[in-house]
Undergrad: 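Mind having a look at this structure? Questions to follow.
Throughout, protein chains are lettered first and strands after them, A, B, ... in sequence-line order, and every chain is numbered starting at 1. None of the values given here were measured: they were computed from a predicted structure.
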Number of protein chains: 2
Amino acid sequence: MASSIHDLARHLNISIGTVSRALNGRADVNADTRQRVLEAARTLNYSPNQSGRSLRQGATHSIAFMLQPHPGDQQYGEPFFIPFLIGLQARLAESGLDLTVVMGAPGDYQQERLRRVVETRRADAVLLAWTRREDERIDYLTQAGFPFATLGRSRSGTKSYPSLDLDFEKAGADAVDRLVARGHRRIAAVRPSLDLNFGYLFLAGYRKALRRHGIEVDPELIASGFINEAGGYEVTPQVMRSKAPPTAIIFNNDAMALGGCKALAEMGIRPGHDMAVTVIVDTPLCRYFSPALTAFRPALEPMGQRLAEMLLASLPAFAGPEGPRIIREVWPLELVARDSD
Amino acid sequence: MASSIHDLARHLNISIGTVSRALNGRADVNADTRQRVLEAARTLNYSPNQSGRSLRQGATHSIAFMLQPHPGDQQYGEPFFIPFLIGLQARLAESGLDLTVVMGAPGDYQQERLRRVVETRRADAVLLAWTRREDERIDYLTQAGFPFATLGRSRSGTKSYPSLDLDFEKAGADAVDRLVARGHRRIAAVRPSLDLNFGYLFLAGYRKALRRHGIEVDPELIASGFINEAGGYEVTPQVMRSKAPPTAIIFNNDAMALGGCKALAEMGIRPGHDMAVTVIVDTPLCRYFSPALTAFRPALEPMGQRLAEMLLASLPAFAGPEGPRIIREVWPLELVARDSD
DNA sequence: TGTGTTCTCGTAAACGTTTACGGAAAAACG
DNA sequence: CGTTTTTCCGTAAACGTTTACGAGAACACA
């Protein structure tokens with residue numbers, strides 16, 4: 001059905017070697033024959049067989065994105081990633097790479113799936129999301145010498161991999177600054193209990209900003225729970241029971257904020273009136289919730305594009321003339337002021 | 001690095017042919033040698049090279065999911081698909097298949113990308129979503145003889161492909177029934193203007209139910225717009241300007257409903273009080289919107305699993321002993337009663 | 001013992017590429 | 001014209017599998 005390089009060669013009465021060289025733009029082929037080959041390729045509707053190329057070159061021409069729902073993630077989890085994936089795939093496609101997604105059941109750490117991808121060489125590189133503070137996946141990949149990049153930072157590994165992260169520290173600080181400027185002094189923070197790295201970064205920014213404003217950090221105002229609605233619902237009352245309850249709460253996650261608001265409502269506390277509420281990572285839910293939640297928004301699709309570029313730049317086969325480079329970037333989150341603070 | 005079938009053969013002092021046969025569970029190999037091969041495979045950490053298998057077998061062991069954002073889709077579009085993808089990928093992984101996702105820019109009909117996937121044989125089969133009433137992708141795939149399945153039905157093609165769809169017709173009728181039972185007689189319908197098939201099915205159910213209740217279908221109460229928030233915002237006022245305005249509106253899409261509610265709010269009309277609002281396909285946005293929107297919910301993750309199964313059943317290489325079967329199913333949507341009607 | 005059958009395994013080709021190597025022809029140079 | 005260099009192309013091996021074919025050994029049976 002599909003025509004092969006042999007068909008082209010037979011059709012033009014030249015050898016398959018020449019056809020291949022012409023197709024791959026090598027120098028040692030006559031400009032004229034190259035033209036003829038390219039033309040024949042078009043008319044015969046030729047497109048190279050990926051398996052053949054992969055086998056010969058030892059490369060699969062595909063990147064695996066490991067999407068790892070965390071424990072307690074609810075039915076519609078991870079809408080966060082769709083625009084990111086769109087950007088990612090667009091950029092990868094430009095370089096002729098496929099994007100294969102590997103998901104797991106919520107709570108599954110995916111170590112096993114990751115090993116399978118690596119050992120069967122089903123992808124040329126791997127993309128990790130939801131990086132943890134200590135991330136065994138990163139340790140494994142560096143130790144195995146397998147190329148990868150991460151969405152998010154981690155303390156693991158030798159930092160010799162590309163990574164793109166959001167500046168949760170600055171967002172945490174900005175959130176505090178804004179609330180302080182609006183007269184708040186008792187500001188609570190609700191973050192995920194897992195060792196997801198962005199939770200640490202957020203908290204660091206939160207602490208730093210409070211101190212900068214001469215406000216003592218009150219441990220009673222910091223709570224952590226499962227990173228879902230139930231988690232927010234469960235731990236928000238904790239900070240409200242503190243000796244000096246907060247007048248503002250910063251949630252590190254939209255789902256936790258939603259659960260938190262539910263808990264507040266049950267206590268007769270109205271976000272936006274009796275309590276200022278800020279969310280660090282904006283999602284459509286923040287926008288449509290009532291009251292609309294003030295949140296910090298990431299540029300997801302550009303991030304996907306950029307991370308693809310950074311990953312490619314680190315791969316010898318795709319790096320530019322200066323050779324492979326390791327790029328690490330931290331992107332800002334943009335404040336979207338709404339009605340909840 | 002990774003050990004090959006040759007390594008196993010050398011290690012055991014047998015031929016690679018025997019190793020391969022042992023690994024693939026063929027009958028013509030001594031039970032004892034099979035044991036030894038399997039054991040060696042484990043200790044040498046062997047896993048087959050996919051490119052090699054693919055090249056030899058002419059199969060890629062991967063399925064392509066074509067995710068096609070429609071025109072005007074906004075930043076966070078398609079959260080709908082994540083749980084579906086989770087189910088899909090889980091089932092495919094069970095059969096050793098990869099899931100590669102192919103996306104496009106919103107508005108791109110993907111015909112070109114689809115052709116590339118098919119012609120380069122980058123996948124063994126293709127999965128289509130957002131099927132249209134007349135779908136050129138389906139025509140192309142049937143004509144090319146390429147295996148595929150669809151999420152959603154279509155009038156195109158010879159129906160000789162597996163498909164899984166939601167019963168939008170029944171959901172439309174159920175929505176009407178419920179509203180009529182609550183005393184409404186003037187019920188509007190807002191649907192997408194594109195020829196997305198679920199829009200037609202929904203409208204058919206809506207019409208049928210109205211007639212069953214002896215209510216005349218008023219064309220002024222039917223509007224169609226872009227399938228996003230702006231679309232809902234734009235066309236909802238149309239039905240409100242009709243000579244006899246509705247007391248209830250059924251939206252065929254969550255984003256359109258959100259835009260519609262915004263338009264209503266600007267007219268001083270409160271959903272849940274002055275106007276009953278129902279949404280056909282539930283998303284988290286419906287749940288968190290204020291008022292929480294009554295909606296019809298699909299079982300997305302099971303659908304993903306099931307469609308994967310149906311696709312596999314249609315592929316000779318994966319079909320059971322009875323040979324390949326074409327299965328077509330229509331799944332119900334479940335009413336989730338909330339505050340908006 | 002001779003013949004036929006069954007088990008088990010080795011051999012080698014094939015899938016579609018890429019690429020190292022070498023050689024013929026053409027061009028350059030003295 | 002002879003030699004060297006350059007240009008261009010064909011040959012063939014290799015990537016890691018699967019599988020058709022055939023052959024040797026063991027076994028059964030008369």
Undergrad: Aromatic rings A/W130 and A/F81: how do their planes relate, parallel, tilted or perpendicular, breaks at 30° and 60°?
TA: perpendicular
Undergrad: Looking at residues 19-36 of chain B, who's got a heavy atom less than 4.0 Å off DNA chain D?
TA: B/S20, B/R21, B/N24, B/R26
Undergrad: Would you name the heavy atoms of A/M103 and B/I86 that are closest together and state the gap between them?
TA: SD-CG1, 3.4 Å
Undergrad: So where does chain B start and stop touching DNA chain C, 5' to 3', when the test is distance under 4.0 Å to a non-hydrogen atom?
TA: C/dT8 to C/dG16
Undergrad: Quick test of your reading: applying salt bridge (Lys or Arg N to Asp or Glu O under 4.0 Å), list the pairs with at least one residue in residues 83-98 of chain A, sequence neighbours left out, ordered by first then second residue.
TA: A/R91-A/E94, A/R91-A/E309, A/D98-B/R122
Undergrad: Once you round to the nearest 0.5 Å, how far does CG of A/L38 lie from CG of A/L8?
TA: 10.0 Å
Undergrad: Determine, stepwise, if the pair A/Y161 / A/T150 fulfils side chain to side chain contact (heavy atoms under 4.5 Å, CB included).
TA: CA-CA 8 Å; A/Y161 51 89; A/T150 64; 3.5 Å; yes
Undergrad: With heavy atoms under 4.0 Å as the rule, sort B/I14 into base, sugar-phosphate or nothing.
TA: sugar-phosphate
Undergrad: NA contact type, A/G17, heavy-atom cut-off 4.0 Å: base, sugar-phosphate, or nothing?
TA: base
Undergrad: Can any side-chain N or O of A/S154 pair as donor or acceptor with the backbone N or O of A/T131 at less than 3.5 Å?
TA: no
Undergrad: Checking salt bridge (Lys or Arg N to Asp or Glu O under 4.0 Å) for the pair A/R26/A/D28: CA distance, chi angles, key distance, verdict?
TA: CA-CA 6 Å; A/R26 291 195 117 62; A/D28 56 348; 5.1 Å; no
Undergrad: Verify side chain to side chain contact (heavy atoms under 4.5 Å, CB included) between A/L97 and A/S62, making sure each step is shown before the conclusion.
TA: CA-CA 5 Å; A/L97 291 170; A/S62 76; 5.8 Å; no
